[in-house]
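Just below is one structure, and these are the notes that go with it.
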Amino acid sequence: MSTILDVKDLVVKFDTIDGIVNAVNGISFHLDEGETLAIVGESGSGKTVSMLSLLGLLPSPPARIEQGKALFKQKEGYIDLLKQNYHILSDIRGGEIGFIFQDPVTSLNPILTIGQQITETIIRHLGKSRNEARFLAFELLEKVGIANPIVRFKQYPFQLSGGMRQRVMIAIAVACNPKIVIADEPTTALDVTIQAQIIELFKQLRETLHMATIWISHDLGVVATLADRVLVMYGGRIVESAKVEDLYEKPLHPYTIGLIGAVPGINSRGSKKLISIPGSPPDLMIPINHCPFAWRCNEVEAKCWENIPTLHQIEEDHEVACFLHESAKVY
Amino acid sequence: MKIKTNLDKFIMLKYLVTKLFQSIILALGVLLLAFLMIRMTGDPTSLMLSRNASAEERAAFRASMGFDKPLSVQFINWIRNVFRGDFGNSLHFKESALDLVVQRLPATIKLAGIGLLMAVIIGIPLGFWGGLKSGSIPDTIGRLIALMGQSIPNFWLGLILILIFAQRLGWFPVFGNDEPKAVILPAFVLCLPVMGELLRLTRSAVLEVHNEDFVRTAWSKGLYRRTIYINHILTNVFITLISVIGVEFGYMLGGSIYIETVFSWPGMGQLIGQALGWRDYPLIQTIVIFTSIVVILLNLLTDIIYALLDPRIRYAK
Amino acid sequence: MQNKYTITTSDSLLDLQISLWDKIKRIVRLLWRDRIAIFGLLIFMSVVFAAVFAPWLTPYQPLSQNLYASKLPPAWIKGGSWDHPFGTDNLGRDMFSRIIYGARVSLGVSFVGALIAATIGVFLGSLAAFIGGRVDEIIMAPINLVLSLPYLLFVVFIASVLGRSLINVILIFGVTNSPIFARVTRGEVLRIRQSAYVESAISAGAGWLRILIIHILPNLVGPLVTLISFQISAMIFYESGLGFIGLSVPPTIPSWGNMLAEGRRYLTSYPWLTTFPGLAIMYTSLGMNLLGDWIRDISDPRIRRARR
């Protein structure tokens with residue numbers, strides 16, 4: 001299994017009228033072919049911003065990619081997504097990397113039909129004629145579980161429910177058989193029952209289309225069913241990275257432990273206290289040189305205030321950025 | 001903008017009928033308003049006759065115009081006449097007020113039409129460009145032009161321009177509608193505030209639409225820049241603009257009073273300017289009603305175009 | 001350990017949690033970012049200054065005629081003198097004084113007119129939005145009617161019927177401009193009422209007066225102040241238009257519109273009679289428009305929000 005995406009030391013800042021926001025503070029990770037990587041964290045942890053920056057989808061003032069490389073595998077080798085011109089980038093967007101946005105209500109153009117919005121991308125990347133694109137779109141709509149695709153094709157977004165709109169977004173994202181699909185909290189805006197359906201749909205598509213997925217979420221329950229590996233982000237940094245089983249069985253970072261403890265399980269009636277993590281997310285405008293989680297950590301020590309922890313490998317495929325685990329390094 | 005399904009056509013028809021009905025109610029409202037406005041200070045006789053009229057003259061006038069009858073009777077008679085096309089006679093010209101107004105209509109439409117064209121051709125592209133490249137030099141220049149257009153009293157500018165271009169330089173005729181190029185100066189001056197408004201509106205609409213989520217989706221699909229600008233941004237911007245363009249045209253029809261007076265342009269605006277001086281209220285009233293009805297029809301048209309462009313509107317309850 | 005560094009999520013200048021000093025600092029920063037707005041502010045202040053201190057700024061009375069000194073050109077043209085820096089009109093009245101005093105009329109009419117329009121409009125608009133249903137329809141029907149008609153024609157019509165007087169002009173502007181305030185207010189109140197803040201406040205049992213004061217009013221200030229500035233600029237223009245066709249304040253009161261009408265006859269021979277009033281109108285409108293632009297920019301959270 002080869003790596004198709006290799007991100008190194010990504011730093012993204014925002015220049016706002018009240019100061020500079022350090023949204024992403026040096027993250028590095030990789031994605032292999034066909035694997036599902038989940039990125040977990042609370043609002044403001046930088047998960048969405050980092051993914052948007054990979055495809056150049058951040059509004060460019062005020063956003064600024066200060067440094068970093070995003071190596072994407074092509075036939076001839078790797079290219080750095082962050083340095084490509086519009087022409088090449090637009091070929092990759094939609095064609096090789098698809099994006100599913102969080103809010104299906106606002107992410108579709110209200111005055112174009114569903115069909116137009118799907119065929120748009122098919123015609124652009126696959127070079128099909130209008131008719132061929134239309135048939136492909138019907139198939140796609142069926143594949144994502146929309147009944148009566150021919151009727152829906154001519155309808156407008158406001159005529160569809162939230163769940164259906166999200167299915168359309170998924171259809172658009174996978175229309176051209178991309179190598180990677182980045183899904184930004186696609187089920188957050190939907191009800192729980194629809195959520196389950198969308199996740200099922202995703203699993204099916206994953207099997208049939210063999211695509212790698214990056215799934216952003218703050219919902220650990222969803223992540224458990226879907227992901228192969230998980231990245232935990234906090235304060236614009238990756239604080240833990242592990243295979244999904246390892247994360248749930250042996251969480252190392254205090255933040256991860258807190259997150260897992262904060263999820264109510266069906267079997268834990270009254271036996272365990274619901275642990276919530278006290279405090280609030282960090283203010284990203286203040287540059288720091290200590291562990292970003294120090295304020296809220298209940299195992300914090302003096303050394304946590306002196307430096308910023310970096311990711312160290314603890315065992316195979318399990319890294320954590322925490323001074324408490326420095327001593328247990330294994331290379 | 002496609003209306004393909006039968007359901008769509010039916011919805012569109014229903015929308016049309018509703019809007020037509022609303023327009024008729026509006027027109028009736030205008031008639032009522034105009035009727036009441038003349039009578040705002042009581043008996044209209046004193047408005048229309050000179051101060052020196054004797055009591056007998058007043059009584060005779062009142063009787064001939066029907067002002068001595070009760071209000072409701074006056075209204076019913078008047079409405080009945082209006083529906084027959086009789087808006088009364090101009091006091092000054094002693095002819096049918098409606099005929100006089102209709103005679104003047106083409107000139108004003110020509111003026112306002114060319115003015116609108118100028119405003120759209122200059123204002124919208126500049127605004128579009130400014131919105132896309134906000135903060136750049138062309139954007140700043142565009143905003144400056146818009147600002148000046150909206151701050152300069154346009155009839156005053158007309159006077160100045162006449163002084164410079166028509167009298168001193170002789171490039172344009174000083175007054176009237178006799179040559180084709182006579183329309184240029186007055187139309188330009190008339191269009192300035194509208195152009196300014198269109199420019200700003202386009203600019204802010206572009207900025208707003210540009211930041212919408214669905215535009216980001218469009219970028220994420222890797223579409224060509226031109227496709228995104230035209231199919232996604234421009235179409236949504238147009239929707240905001242269409243209703244404004246209709247309103248602005250109506251505004252120009254009203255603003256033509258000053259411009260036509262300054263340029264001695266033989267349209268409805270000049271007529272009402274003169275009528276005000278003559279206290280020729282039947283004529284004044286007719287012009288106001290007539291122009292309002294034209295504006296109402298215009299609004300109807302823009303509503304229809306709007307519904308054609310934006311499906312959400314025609315489906316709204 | 002409690003984190004004292006919290007992300008400020010408020011965008012509104014009216015957030016009660018930010019200290020006054022911070023608010024002032026923020027306004028200055030916003031002014032500096034849009035430096036052009038400073039011009040608007042300065043222009044506005046200069047016109048207000050001129051209007052308020054008119055008697056102390058002018059050497060002559062605006063109405064005093066001096067036929068021996070009539071039709072003098074401005075000081076920098078041959079034949080003029082610095083006694084009458086802007087020249088004199090056909091009745092020998094000093095143009096400079098008339099322009100300064102004219103500011104009183106223009107500003108007075110516009111301010112008071114805008115205030116009346118805002119009061120009536122906000123009242124009607126919020127009533128319609130709050131109560132909704134039938135009342136909403138009854139209130140908004142005539143308002144929508146008026147808004148869809150050619151404004152200038154009706155103003156001219158009414159002005160002609162009512163006659164020339166200062167009060168009439170103010171009342172006409174006040175009443176005829178209230179619909180736009182009503183519509184904007186209604187729109188804003190409806191929007192805010194549906195927002196999550198208010199819904200949660202209502203479900204928490206807050207009385208409607210409290211909701212009004214804490215949630216709705218602060219959000220209304222931005223759009224209202226913006227609208228007021230633009231309306232003032234518009235009314236200055238309307239007054240000048242009315243004056244131009246002789247329907248504004250009586251000729252005994254110096255207004256820029258009246259001056260334009262009087263000077264028109266002498267356009268080619270003594271052009272300064274119309275130039276200065278026109279420039280004065282332009283100057284003031286420019287200031288109000290710049291100011292209005294800036295206020296709109298700073299009160300619109302979507303434009304100010306630059307962080308994600």
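To find a chain, count down the sequence lines: A is the first, B the second, and so on, and within it residues start at 1.
With chain C as the partner, the residue from M148(B), Q150(B), Q22(B), M40(B) showing the most heavy-atom pairs under 4.5 Å is M40(B). In terms of heavy-atom pairs under 4.5 angstrom with chain C, the leader among G273(B), G250(B), G255(B), S292(B) is S292(B). By number of non-hydrogen pairs under 4.5 angstrom with chain B, the leading residue of L162(C), V161(C), I245(C), L149(C) is V161(C).
The shortest side-chain heavy-atom distance between T274(C) and L163(B) does not fall under the 4.5 Å cut-off. Counting heavy atoms from C-beta on, the side chains of I281(C) and W156(B) never come closer than 4.5 Å.
Once rounded to the nearest 0.5 Å, the distance linking CD1 of I158(C) with CD1 of I38(B) reads 12.0 Å. In this structure, CG on N144(C) lies 8.5 Å from CG on L26(B), to the nearest 0.5 angstrom. Of the inter-residue distances, the one linking I36(C) atom CD1 with T140(B) atom OG1 reads 7.0 Å to the nearest 0.5 angstrom. One finds the CD1 atom of I272(B) at 8.0 Å from the CZ atom of F157(C) (value rounded to the nearest 0.5 Å). Interatomic distance, OG of S151(B) versus CZ of F237(C), reported as 11.0 Å (0.5 Å rounding). Atom OG of residue S148(C) and atom CG of residue L298(B) lie 11.5 Å apart, to the nearest 0.5 angstrom.
Contact of V155(C) with chain B is not made at all, since no heavy-atom distance falls under 4.5 Å. Heavy-atom distances place the side chain of R279(B), and not its backbone, under 4.5 Å from chain C. Both the backbone and the side chain of Q285(B) come within contact range of chain C, judged by heavy atoms closer than 4.5 Å. The parts of L145(C) that come within reach of chain B are both its backbone and its side chain, each placing non-hydrogen atoms under 4.5 angstrom from that chain. Both the backbone and the side chain of L267(C) come within less than 4.5 Å of a heavy atom of chain B. Of the two parts of P271(C), only the side chain, counted from C-beta on, holds a non-hydrogen atom closer than 4.5 Å to a non-hydrogen atom of chain B. Both the backbone and the side chain of L279(C) come within contact range of chain B, each with at least one heavy atom under 4.5 Å from a heavy atom of that chain.
Nearest heavy atoms, F244(C) versus L159(B): CE1-CD1, 4.1 Å. The two residues Y258(B) and L152(C) have their closest heavy-atom pair at OH-CD2, 3.9 Å.
Remark: F39(C) CZ is loosely packed, at most 12 non-hydrogen atoms of other residues, nucleotides or ligands lying under 6.0 Å away.
The residue from L253(B), V295(B), V294(B) that alone fulfils the side-chain contact (heavy atoms from CB on, under 4.5 Å) condition with P150(C) is V295(B).
Sequence neighbours left out, the pairs with a member in residues 190-201 of chain B that pass salt bridge (charged side-chain N to carboxylate O under 4.0 Å, His left out) are R200(B)-D293(C).
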Applying side chain to side chain contact (heavy atoms under 4.5 Å, CB included), run through T261(B) and R264(C) and close with a yes or a no. CA-CA 11 Å; T261(B) 306; R264(C) 186 182 167 207; 3.9 Å; yes
